[in-house]
Amino acid sequence: MSLKGLAAKLFAKRIHAKTQKWANNPLVTQQKVFEELIKEASQTQFGKDHNFSAIKTFSDFAQKVPIRDYEGLKHYVDKVVKGEENVLWKGKPLYFAKTSGTTSGAKYIPLTKESMPFHIQAARNAILSYIHETGKAEFVKGKMIFLQGSPILEEKNGIKLGRLSGIVAHFVPKYLQKNRMPSWETNCIEDWETKVNAIVEETINEDMSVISGIPSWVQMYFEKLKEKANKPVGEIFKNFNLFIYGGVNYEPYRSKFENLIGRKVDSIELFPASEGFFAYQSRNFGIKNEEGMLLLLNSGIFYEFIKADEFYTDSEGSGPKRYTIGEVELGVNYVLIISTNAGLWAYNIGDTIQFTSLKPYRVIVSGRIKHYISAFGEHVIGKEVESALKEAMEGTNVRVNEFTVAPQITPKEGLPYHEWFIEFDSEVSEQPNNLEVFALKIDAAMRKQNMYYDDLIVGNVLRTLVVTVVPKNGFQEYMKSIGKLGGQNKLPRLSNDRKIADFFTNSQL
């Protein structure tokens with residue numbers, strides 16, 4: 001084994017021991033994080049407005065600090081953006097992670113000198129967990145690519161801002177700098193298609209061992225590589241054996257990736273966001289990650305959880321019940337609420353999760369609280385549609401590139417239905433011989449998972465779902481049309497309206 005590989009294994013062993021220490025003491029760990037957050041922010045504007053000095057318990061905190069999303073916290077963030085100090089957290093942030101907003105334009109998520117190191121450490125520790133569990137470390141000698149946003153940063157009142165992935169690019173450790181790709185100049189290209197083409201040119205003759213990014217955009221990179229070299233990615237990069245991803249579920253992409261690569265590769269799932277790095281896969285890297293990701297309880301984040309089906313209730317005027325880590329149950333769909341050392345307090349990031357293990361605490365991302373279909377009270381979530389499609393494809397040669405689902409409330413004739421827009425992978429499969437039969441398979445799988453959906457079908461409120469075929473690259477064209485092609489942008493699996501659906505029904509693709 002190389003000296004670099006041996007050093008990586010020793011470092012991985014040390015980090016594993018530290019991780020086990022806090023993972024085996026979850027309640028104590030979270031209580032310590034909670035107390036430190038309240039203490040450090042007690043003299044901020046937010047801390048004074050919410051009487052942090054009187055907060056001794058979580059119950060005190062829940063009474064004084066309501067659940068907020070970005071809009072609810074915006075008047076505080078606006079002060080920080082204007083350059084005020086000690087607003088949400090002590091001093092000023094180091095950076096703002098700029099993301100797309102919904103009702104108020106761009107969102108500015110603060111990153112502080114206390115929070116920034118945890119983003120970097122979590123990504124590093126995920127790789128070290130892989131090394132410790134598998135004993136594989138030789139990949140550290142090869143080239144590594146991270147498909148990410150531009151590292152060019154703007155400045156606003158003395159605070160630098162950019163996409164999170166672009167900010168993180170400034171923190172790549174020195175020992176990885178020689179291995180890192182693409183070049184700084186290529187990484188700075190804003191146009192995604194131009195950037196991917198440049199990355200292909202730079203990497204096609206390199207010894208790539210690790211590739212990381214959101215699956216949908218890595219797929220685009222792989223397709224261009226395969227087209228240019230006229231051979232599978234696994235033959236181009238003979239030592240490529242580790243794919244690191246986050247942002248979306250890998251399972252809908254797995255078979256497509258294996259075809260593009262020409263063989264199976266290990267994968268590590270991450271759960272990062274501008275608001276914090278919440279979890280990473282720490283076991284079972286060579287197979288489908290059903291076990292979930294280790295929830296990071298010692299990373300400057302205090303977690304709360306609200307049952308998704310109670311989220312919009314307001315019993316006794318106090319809002320839905322808020323649970324701490326010691327109160328959660330397996331298999332329940334929770335909205336994730338965070339308080340952080342970047343100054344986000346009882347903050348709803350919009351993601352829903354389910355616990356797959358309580359010893360230690362492991363989670364899967366089940367969807368978005370705003371990305372669901374409940375036009376008729378069915379409350380279908382992302383995890384359900386992904387599982388249903390996977391079940392329908394089992395035992396067939398059908399493969400899917402991308403899909404999204406929307407309700408059709410006012411059809412020209414017949415009962416309303418859910419419409420599935422699916423782009424089939426024409427390279428490795430044909431679309432189903434009979435779309436109606438394929439739709440029935442998906443529908444049956446949905447009815448098994450969601451009793452409310454089943455009741456609506458049985459009660460003749462809905463008819464069985466309809467599959468609409470999207471032409472090749474149709475979803476890329478949609479993302480381009482809204483200015484969100486590439487980078488960290490993700491296609492919603494579910495919409496409760498027809499905005500995405502209308503693009504396909506009205507376009508000439």
Side-chain angles (χ1 to χ4, degrees), residues 127 136 138-150 165 169 172 176-248 250-268 285-286 397-402 423-431 471-477 479-480 485-487 489:
I127 297 174
K136 301 174 184 178
E138 287 303 289
F139 67 86
V140 299
K141 296 188 300 181
K143 298 287 187 179
M144 304 180 185
I145 187 169
F146 303 91
L147 292 179
Q148 56 193 191
S150 171
S165 61
V172 175
L176 289 181
Q177 290 287 2
K178 290 182 180 180
N179 297 57
R180 173 193 176 198
M181 298 198 77
S183 66
W184 185 266
E185 292 74 20
T186 295
N187 219 10
C188 290
I189 297 172
E190 286 288 348
D191 180 75
W192 185 251
E193 290 178 292
T194 303
K195 183 173 186 171
V196 172
N197 287 330
I199 292 172
V200 168
E201 293 296 330
E202 279 193 1
T203 59
I204 197 165
N205 295 315
E206 296 289 346
D207 179 23
M208 305 302 302
S209 60
V210 178
I211 296 173
S212 175
I214 291 177
S216 51
W217 306 123
V218 175
Q219 177 179 312
M220 184 178 177
Y221 166 58
F222 283 174
E223 287 171 341
K224 288 180 179 290
L225 276 170
K226 187 176 180 181
E227 181 181 359
K228 185 173 180 62
N230 197 29
K231 57 185 177 181
V233 173
E235 289 185 25
I236 301 170
F237 306 138
K238 297 186 185 302
N239 293 312
F240 167 47
N241 284 297
L242 181 59
F243 173 51
I244 304 173
Y245 68 95
V248 299
Y250 182 39
E251 289 313 307
Y253 301 92
R254 187 180 292 275
S255 61
K256 170 70 173 178
F257 269 54
E258 289 174 359
N259 176 263
L260 287 168
I261 298 166
R263 53 184 162 81
K264 296 180 184 293
V265 298
D266 288 352
S267 59
I268 306 175
F285 299 100
N397 191 39
V398 175
R399 297 294 179 267
V400 168
N401 277 344
E402 191 62 274
E423 180 184 328
F424 293 98
D425 179 10
S426 58
E427 289 188 9
V428 299
S429 68
E430 299 294 332
Q431 71 180 51
K472 185 177 180 180
N473 298 326
F475 285 105
Q476 287 185 20
E477 291 300 320
M479 295 298 280
K480 186 189 295 186
L485 181 66
N489 299 307

* **Contacts of type ring-ring contact (aromatic ring centres under 6.0 Å, His included), residue F237, not counting sequence neighbours** =>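 Expected list: none.
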
* To do: Just jot down the ring-ring contact (aromatic ring centres under 6.0 Å, His included) partners of Y221, sequence neighbours excluded, or say none.
  =>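 ring-ring contact (aromatic ring centres under 6.0 Å, His included) check on Y221 returns nothing, list empty.
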
Would you indicate whether the side-chain heavy atoms of [Y] and [X] approach each other to under 4.5 Å?
X: K143; Y: R180; result: no
X: T186; Y: I199; result: yes
X: Y245; Y: V218; result: no
X: N259; Y: R399; result: no

* **Working for side chain to side chain contact (heavy atoms under 4.5 Å, CB included), residues F424 and N401** => CA-CA 6 Å; F424 293 98; N401 277 344; over 6 Å; no

* Go through I204 and L225 one step at a time and tell me if the side chain to side chain contact (heavy atoms under 4.5 Å, CB included) criterion holds. => CA-CA 7 Å; I204 197 165; L225 276 170; 4.0 Å; yes

* To do: Can you tell me which residue pairs pass the salt bridge (charged side-chain N to carboxylate O under 4.0 Å, His left out) test with a partner in residues 183-197, sequence neighbours excluded?
  =>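 Matches after skipping sequence neighbours: R163-E190, E193-K480.
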
Interatomic spacing from [atom1] in [X] to [atom2] in [Y] - rounded to 0.5 Å:
X: F139; Y: N239; atom1: CZ; atom2: CG; answer: 12.5 Å
X: E402; Y: Q219; atom1: CD; atom2: CD; answer: 7.5 Å
X: N187; Y: I145; atom1: CG; atom2: CD1; answer: 8.5 Å
X: L242; Y: D266; atom1: CG; atom2: CG; answer: 6.5 Å
X: I211; Y: S267; atom1: CD1; atom2: OG; answer: 13.0 Å
X: M144; Y: T203; atom1: CE; atom2: OG1; answer: 15.0 Å

* Write down the atom of S165, the atom of G149, and the distance for their closest heavy-atom approach. =>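 Taking S165 first and G149 second, the nearest heavy atoms are OG-N, 2.8 Å.
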
* Heavy-atom closest pair, residues I268 and I127 ->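 I268 and I127 have their closest heavy atoms at CD1-CA, 4.2 Å.
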
* **Check: F257 ring centre within less than 6.0 Å of Y250 ring centre** =>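 Ring-ring flag for F257/Y250: true, centres closer than 6.0 Å.
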
* **Pairing residues for K224 by the side-chain contact (heavy atoms from CB on, under 4.5 Å) criterion, not counting sequence neighbours** =>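 Once residues adjacent in sequence are excluded, the partners of K224 under the side-chain contact (heavy atoms from CB on, under 4.5 Å) criterion are V196, N197, V200, M220.
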
* **E202: salt bridge (charged side-chain N to carboxylate O under 4.0 Å, His left out) partners, not counting sequence neighbours** =>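 Result, salt bridge (charged side-chain N to carboxylate O under 4.0 Å, His left out) vs E202: none returned.
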
* To do: With sequence neighbours excluded, tell me which residues meet salt bridge (charged side-chain N to carboxylate O under 4.0 Å, His left out) with K238.
  =>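 Result, salt bridge (charged side-chain N to carboxylate O under 4.0 Å, His left out) vs K238: none returned.
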
* Asked: Is it true that a side-chain atom of N179 and a backbone atom of K141 form a donor plus acceptor pair closer than 3.5 Å?
  ->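 It does hold such a pair.
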
* Give a yes or no on whether a salt bridge exists between R263 and E235, defined as a side-chain N under 4.0 angstrom from a carboxylate O. =>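 No, no charged N to carboxylate O under 4.0 Å.
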
* Are D425 and K256 ion-paired here, with the side-chain N under 4.0 Å from a carboxylate O? ->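 A salt bridge is present here (some side-chain N lies under 4.0 Å from a carboxylate O).
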
* To do: Under the side chain to side chain contact (heavy atoms under 4.5 Å, CB included) rule, what do S209 and F240 come out as? Steps first, then yes or no, please.
  => CA-CA 4 Å; S209 60; F240 167 47; 5.9 Å; no

